[in-house]
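Shown next, in structure tokens, is the structure this report addresses.
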Amino acid sequence: MTDVPIVRTSREEIEVYRFGPIASVLIPVLALLVQAFIPARFHAAAILDLPFLVTVFFAVTRRSQFAGMLTGAIIGLVQDALTHQAIGLYGIAKTVVGYGASSLGVKIDVENPGTRLLVTGGFYLVHQAVYFLVARNILGVAMEWLWARTLLAALLNGLAAIVLFAVLDRFKHST
Amino acid sequence: MENFFSRYRNSSILVLVLFAQVLGLAVQVKRTTETGGTRLIRVWVVNAITPLEKVLVNTSQAVRNVWRNYLYLRGVRHENRDLKEQIERLRVEQVRLSEDAAQARRLQALLEFKEQFISQTVAAQVIGSSGSDQSHVIYIDKGASDGIKPDMAVITPDGIVGKVLRVFHASSQVLLINDPSSGVGTILESSRLQGILQGTAAGETMLRYVMSDEKVATGERVLTSGGDRIFPKGLPVGAVQQANPGSDLFLNIRVKPAANLSRLEEVLVVTRILENTPPVAEPSAPVRAADILAERLPKVPQKPPTVAATGAAATSTAATKAPAGTAAISPATKPSTTAIAPSAAETQPSKPAAVQSQTTGTAATTQPAVAAPKPSTAGVTPVAGGAKPAAKPAGTTPPAGTAGAATAAAAKPAAAKPVVNKPAAGGEAQESKQVNSAGQPSRPAAPAPQTPPSEAVSR
């Protein structure tokens, strides 16, 4: 008699989570606050984009394209307001990321740390590419695409996502 | 059609949201060129975020102050001693520089040169940043209610930081000099080459528009040129880190900013700049470094005047304490050398001391203070010949070397002074006439101008 392994489909792969209203507001606000506060003293910390990480986390966890793009748009527009550039650059980039991450979250398991690293790193590149294209082609901002720096930032944000998502997992509730 | 929208509902919403934002960008681009106003969403967000940042900053600073001021005091005594020594060194240096500055002012006055200097600053604390690599801006805790206006210069004692870009009620947005959209008129200190300092996407600062056939040395200091009408002339910007020929006609000069832009905590906003024609400093009784050294030496106790000790002996006792020019003056005028620093502080009480010693513009503001003791000696015209006997003290034994140098130096500048004294018969000076470096008579001696003709640049 041979043992046949039982292949299970994880229920979590398609499970949709939700967040309480306080967490839904406080987590993005805290991310924006920390993002504005720490780089003022340690500029190197600006390589981490906490609002971006929160956008990806909400998108892949809620698995709703509408909620994902709306979260991304709001967080992005608020982030734009803190810069000196036109409002909408981060808004557009994070709208695209929110939509894309939630679309991907429906199809693949995003609970795995390895997957989180790849998804976050990949979407960071998408985020930067959208920002670069819009800033350069619509606003005419003289920008350079710095491959080394962008790839390093993608890696660091991916690594930060593993830690941050593990913390934020405590705030989610299954529906 | 209805089936299409229900099937692609989310995609349609995505397109709509993106289209709305692109439209918003287009509107902003048009309005920015027309009015340059601040968007309402920006005001809301900044007014919501900055109070929280202020709380964070104040809390962290309170904790740090308790630690630094009450708990961690290791090495404070040693540091205090070092700082005192440094103050003494700087005092000597200040005297030397004030002489150079006085000479420069005389020459500038001849050329009817208008100088700028910082008249008023507001200290502000950095409470936040944009948090983005693409936007090098910081937020400070002073806004319109504190008199901050757009385009005011923001500096630290080390060097310039940026300019005020947007002003809110209780906070302001400052564009740093390493932002790509920033531009500062600069000049290289020794080669006097002018260029424009701009930021890069990577957060570096580059000096542009210096022709490639020019020689620029690594380490050369970069100062503000004043050409941008934001930063007063002569403020430190940074030092040349690297200079390479570019692909075009210009050099690629990388500049390391003098101020640490990545760790800013407190800054000064220049709220008022004065322009004036430098008044001619009265070139009498220069204060020398040797005088200060002599002041610090142990003094010979003053003997009560006796009938026998008259004439030369009395003169020599005074000469060991006071330099030439003040030797014959009553003791009231003697502490003129020690009064330099306090009077400098009194003249510009609103200005931080660090800026006074760092910036070229502020050096000019100390001028009345340096000149202040002079009128007291003007009434008593020092006789060049009268200083000579003082150089040979009789009956005093000053410490080897220093006192001798002091007394030797005391006799020297009296001859170098551009004041032509015409001693009347009997050794009493009756008339003094100033001459400029060209030997032409200039303005008669007058008390140092306390309020030079100035023109405030309204911000």
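Note: hydrogens, waters and symmetry copies are ignored here, and every other heavy atom, side chains too, is used. To find a chain, count down the sequence lines: A is the first, B the second, and so on, and within it residues start at 1.
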Toward chain B, the part of A:Y99 with a non-hydrogen atom under 4.5 Å: side chain
Part of B:L14 lying under 4.5 Å from any heavy atom of chain A: both
Engaged part of A:I87 at the chain B interface, taking heavy atoms whose separation is under 4.5 Å: both
Plane angle bin for A:W147 and A:W145 - parallel if under 30°, tilted between 30 and 60°, otherwise perpendicular: perpendicular
Mutual orientation of the aromatic rings belonging to A:Y90 and A:H127 [parallel < 30°, tilted 30-60°, perpendicular > 60°]: parallel
Atom group of A:D80 that falls short of 4.5 Å from chain B, counting heavy atoms: backbone
Check: A:F57 ring centre within less than 6.0 Å of A:F19 ring centre: yes
Top contributor to chain B interface from A:M143, A:Q65, A:M69, A:Q85 [non-hydrogen pairs under 4.5 Å]: A:M69
Heavy-atom contact with chain B under 4.5 Å, split by part of A:V134: side chain
Part of A:R149 within contact of chain B (heavy atom distance under 4.5 Å): side chain
Residue B:D179 versus chain A: region with a heavy atom under 4.5 Å: side chain
Residue part contacting chain B, namely of A:L70, when any heavy atom lies under 4.5 Å: neither
